[in-house]
Novice: 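Can you read through this structure? Questions will come right after.
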There are 2 protein chains.
Amino acid sequence: MKTAPRAQDVADLAQVSQSAVSRTFTPGASVSESTRNKVLAAAQRLGYRPNALARSLITRQSRIVALVMSYLENQFYPLVIEKLSQKLQKQGYHVLMFIADIDEGADGVLADILQYQVEGIVMASTMLSPTLAKSCSDVGVPVVQFNRISDLGGLTRYATSSVTSDNAAGGRLAAELLVARGYKRIAFLAGLEDSSTSLERERGFKEALSELGTSVSYRDTGHYSFDGAKDAARRLFGHADRPDAVFVANDHMAIAVMDVLRQEFCLRVPEEVGVIGFDDVPQAAWGAYQLTTVYQRVEPMVDATVELLLEQMRGEVRAREIVVPCMLVERKTVRPAA
Amino acid sequence: MKTAPRAQDVADLAQVSQSAVSRTFTPGASVSESTRNKVLAAAQRLGYRPNALARSLITRQSRIVALVMSYLENQFYPLVIEKLSQKLQKQGYHVLMFIADIDEGADGVLADILQYQVEGIVMASTMLSPTLAKSCSDVGVPVVQFNRISDLGGLTRYATSSVTSDNAAGGRLAAELLVARGYKRIAFLAGLEDSSTSLERERGFKEALSELGTSVSYRDTGHYSFDGAKDAARRLFGHADRPDAVFVANDHMAIAVMDVLRQEFCLRVPEEVGVIGFDDVPQAAWGAYQLTTVYQRVEPMVDATVELLLEQMRGEVRAREIVVPCMLVERKTVRPAA
DNA sequence: CTGAAAGCGCTAACAT
DNA sequence: ATGTTAGCGCTTTCAG
């Protein structure tokens, strides 16, 4: 465990100055072909790699982006990790992971994050408290809220960027489909009461229903968890006057609902109960579920996130909200048109 | 976007030396109560946070651990990210994510990693090439291979630590169960041909079958992907003399197999075909699958990983292999005892 | 194009 | 217990 070679070691071996070494590893610096080759050869022999941390200290660019998450049970988020890491890697950035306790929120963890001089923060499945928004804004670290926005109320002074699906529009699509297919007693199963994602989906859903002359007859919350959704399903469907369709705030919970419907209540989907989810996670397409759902595509959302991050790092824009369209994916949990 | 406050700024405001500030933020340093308070007050006012990168430069401790992955489709791995991040956070470390392209392997990405002065590397679902093992060993960065070990052949000079389940024992359990329940024409569906995990599971499975006086009648590979497994299932079951049971190298593929069995071949599980998976991912317990499987617990595996990492960072041990026991979880995809 | 020198923000001797 | 000093490994003026 000897110490790693430094630029000076390479310089000594290559018989050049230490700055020459630095320049060789700095894209676009002016070095002659011959010195560059001497340096590279020496570096190769010693197994030299520039110390990114030391570089950051002076360039003030850590090339690190923090990703804060708390809810990996839902397969949507692992996909986000994967795509975001890949995209950022391609831009020369790297992702530092932070798992926020669901209870304590992101605040605790964010104190840590800032010490690492991250150049940007992506908050997925976690909300940014106004306090934190201010902290980040003060330090000048761009924040992008992914798939969840904070209700800052009037406190929009520290506006942060966000990327979301058009959740309300998605909710409308769900409503229109259920009505068109003749479902009458319609339920909504929420995620978390303070989740903008869930709230927007619900808002669009209800608005469309009301325009179509009907409304939500039943409502419950599944806390975005599988077991929470099962419990909610038991409450919703465990009585005679049960709903004949349910729009669930995400696929993860929708699948839980289907399990309860079929196994505990022996109800047939979609004949006796229609189910619509949201996200289009890979599991929604699995043979046993074939869930009709509203997709939100990870790829364009991640692209938008990276774009937002980069433009803010360059100091171009203060904050911007990007809304990505979503679309209905019809599978087999809503009965076909008569 | 003004520049962040430095220790010197705090010192100036608090009317103390810059070292006093440093000491205040160094646990266990000797500072008087009064200076500490002055410093904390000043730091608070300025919103000062120590620069972890600058600190790393001198302490030679980045408190960063790299996590290399490539295969997040399988829900087993997101769980690993979650647990590992949490555990390391608790120890004051943080996880820098690296997604390795499946094709190019981890080599490309590792050049990057080392620049970040990570204190350890966890390779999950990716193999370490002997070249890389050497690089890491040279720099003295501990590496833990998680759930996959390299077949270095004779090149065990750069032995790396690993954490795996007792895959062979798990394979044996699967074999014993299938034989005990009277299945006769038994198939094995592999993950990747060069994956130690899959190979070990297969080895134990075959050994036990042979001890029980039978053997694997059919074999195919699903490349650890959902679609790959479906294709393999079509090949395995698409003829008259089909298997009556299959042990699949992991749950993710086992679920794909079940979809094909039920929907494309209208075969009933477990009556006509028995299915056993491996991992016990959350989805294995979902109502529509209820997969009988061999569990490998993420939690103890992650604990072992962190332990291995920490002890090697302290320079205590060179390399150690930890094997975590696994156990059968019987659900409903293997028929009950007669 | 190249080397010398200054310093990024911090910690860790070393004095006092 | 506190301040002074010397770097950690690197980039970036500034001369030449």
Side-chain angles (χ1 to χ4, degrees), chain A residues 2-40 42-43 46-64 92 114-119 139-141, chain B residues 2-40 42-43 46-64 92 114-119 139-141:
Chain A
K2 51 182 171 295
T3 173
R6 301 151 304 145
Q8 187 61 59
D9 300 330
V10 177
D12 291 349
L13 182 61
Q15 315 247 46
V16 294
S17 78
Q18 186 263 341
S19 341
V21 177
S22 171
R23 282 192 263 260
T24 303
F25 288 93
T26 305
S30 63
V31 215
S32 72
E33 198 63 19
S34 76
T35 32
R36 143 172 267 111
N37 287 335
K38 278 192 290 187
V39 168
L40 287 176
L46 297 175
Y48 169 75
R49 306 187 173 294
N51 182 328
L53 268 34
R55 168 183 292 157
S56 307
L57 197 53
I58 185 155
T59 60
R60 293 158 180 290
Q61 305 212 309
S62 63
R63 310 222 64 127
I64 295 177
L114 291 176
Q115 301 201 358
Y116 278 92
Q117 314 300 112
V118 299
E119 292 188 57
V139 192
V141 179
Chain B
K2 54 182 169 293
T3 174
R6 301 151 307 144
Q8 187 61 60
D9 300 331
V10 178
D12 292 348
L13 182 61
Q15 314 248 47
V16 294
S17 78
Q18 186 262 341
S19 351
V21 177
S22 171
R23 282 193 263 262
T24 303
F25 287 94
T26 306
S30 62
V31 216
S32 73
E33 198 62 20
S34 75
T35 31
R36 141 172 271 114
N37 288 336
K38 278 192 289 186
V39 169
L40 287 176
L46 297 175
Y48 169 76
R49 305 187 174 295
N51 181 328
L53 269 32
R55 168 184 288 156
S56 306
L57 198 54
I58 184 155
T59 61
R60 295 161 177 290
Q61 306 212 307
S62 62
R63 311 222 63 127
I64 295 177
L114 292 176
Q115 302 200 1
Y116 278 93
Q117 314 303 107
V118 299
E119 291 189 59
V139 192
V141 179

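Heavy atoms only: backbone and side chains are in, while hydrogens, waters and symmetry mates are out. Note that the coordinates shown come from a computational prediction; the quantities given were computed from them, not determined experimentally. Every chain is numbered from 1, with letters handed out A, B, ... down the list of sequences.
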Novice: Under 3.5 Å between N/O atoms: give me all the protein pairs with nucleotides 1-3 of chain C, atom names plus distance.
Specialist:
from, atom 1, to, atom 2, distance (Å)
C/dC1, OP2, A/Ser30, OG, 3.1
C/dT2, OP1, A/Ser32, OG, 2.7
C/dT2, OP1, A/Thr35, OG1, 3.1
C/dT2, OP2, A/Ser32, N, 2.7
C/dT2, OP2, A/Ser32, OG, 3.3
C/dT2, OP2, A/Thr35, OG1, 2.9
C/dG3, OP2, A/Ser17, N, 3.1
C/dG3, OP2, A/Ser17, OG, 3.1
C/dG3, N7, A/Arg23, NH2, 2.5
C/dG3, O6, A/Arg23, NH1, 3.4
C/dG3, O6, A/Arg23, NH2, 3.4

Novice: Could you tell me which non-hydrogen atom of A/Val10 sits nearest to which non-hydrogen atom of A/Val39, and how far apart they are?
Specialist: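 A/Val10 and A/Val39 have their closest heavy atoms at CG1-O, 3.8 Å.
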
Novice: Nearest whole angstrom, please: distance from the C1' of D/dC8 to the CG of A/Asp9.
Specialist: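 Roughly 13 Å, once rounded to whole Å.
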
Novice: Any heavy-atom pair between the side chains of A/Ser56 and A/Arg63 that's under 4.5 Å?
Specialist: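 No. Closest side-chain heavy atoms not under 4.5 Å.
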
Novice: Roughly, in whole Å, what's the span from NZ in B/Lys38 to P in D/dT2?
Specialist: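 That distance rounds to 8 Å.
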
Novice: Is any side-chain heavy atom of B/Leu40 closer than 4.5 Å to one of B/Phe25?
Specialist: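 Contact flag for B/Phe25/B/Leu40 side chains = yes.
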
Novice: Starting at CD of A/Gln61 and ending at P of C/dC8, how long is that distance when rounded to a whole Å?
Specialist: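 Result: 17 Å.
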
Novice: Do A/Thr24 and A/Thr35 make a side-chain contact, defined as non-hydrogen atoms from C-beta onward lying under 4.5 Å apart?
Specialist: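 No, their side chains stay 4.5 Å or more apart.
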
Novice: Got B/Thr26 and B/Val31 here, is their nearest side-chain heavy-atom distance under 4.5 Å?
Specialist: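 They are not in side-chain contact.
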
Novice: Tell me: CZ of B/Phe25 to P of C/dA12, nearest whole Å?
Specialist: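 Between P of C/dA12 and CZ of B/Phe25: 15 Å.
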
Novice: Please find the pair of heavy atoms, one from B/Arg49 and one from A/Gln115, that lie closest to each other, and give the distance.
Specialist: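 Nearest pair, atom of B/Arg49 first, then A/Gln115: CB-CG, 4.4 Å.
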
Novice: What's the CD-P distance between B/Gln8 and D/dT5, to the nearest Å?
Specialist: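 After rounding, the gap between these two atoms is 13 Å.
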
Novice: Spell out, as yes or no, whether a donor-acceptor pair under 3.5 Å connects the side chain of A/Gln18 to the backbone of A/Ala11.
Specialist: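 Here the side-chain-to-backbone pair does not exist.
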
Novice: For A/Arg63 and D/dT11, give me the distance from atom CZ to atom P, rounded to whole Å.
Specialist: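 Answer to the nearest Å: 13 Å.
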
Novice: Any residue in residues 47-58 of chain B with a heavy atom nearer than 4.0 angstrom to DNA chain D? Just list them by number, or reply none.
Specialist: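 Contacts with DNA chain D under 4.0 Å: B/Leu57, B/Ile58.
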
Novice: Is it the case that the side chain of B/Asp12 and the backbone of B/Asp9 share a donor-acceptor pair, with hydrogens and angles ignored and the cut-off at 3.5 Å?
Specialist: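 Pair absent, no side-chain N/O of B/Asp12 close to backbone of B/Asp9.
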
Novice: I need the CD-C1' distance between B/Gln117 and D/dC8, as an integer number of Å.
Specialist: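 It is 11 Å, rounded to the nearest whole Å.
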
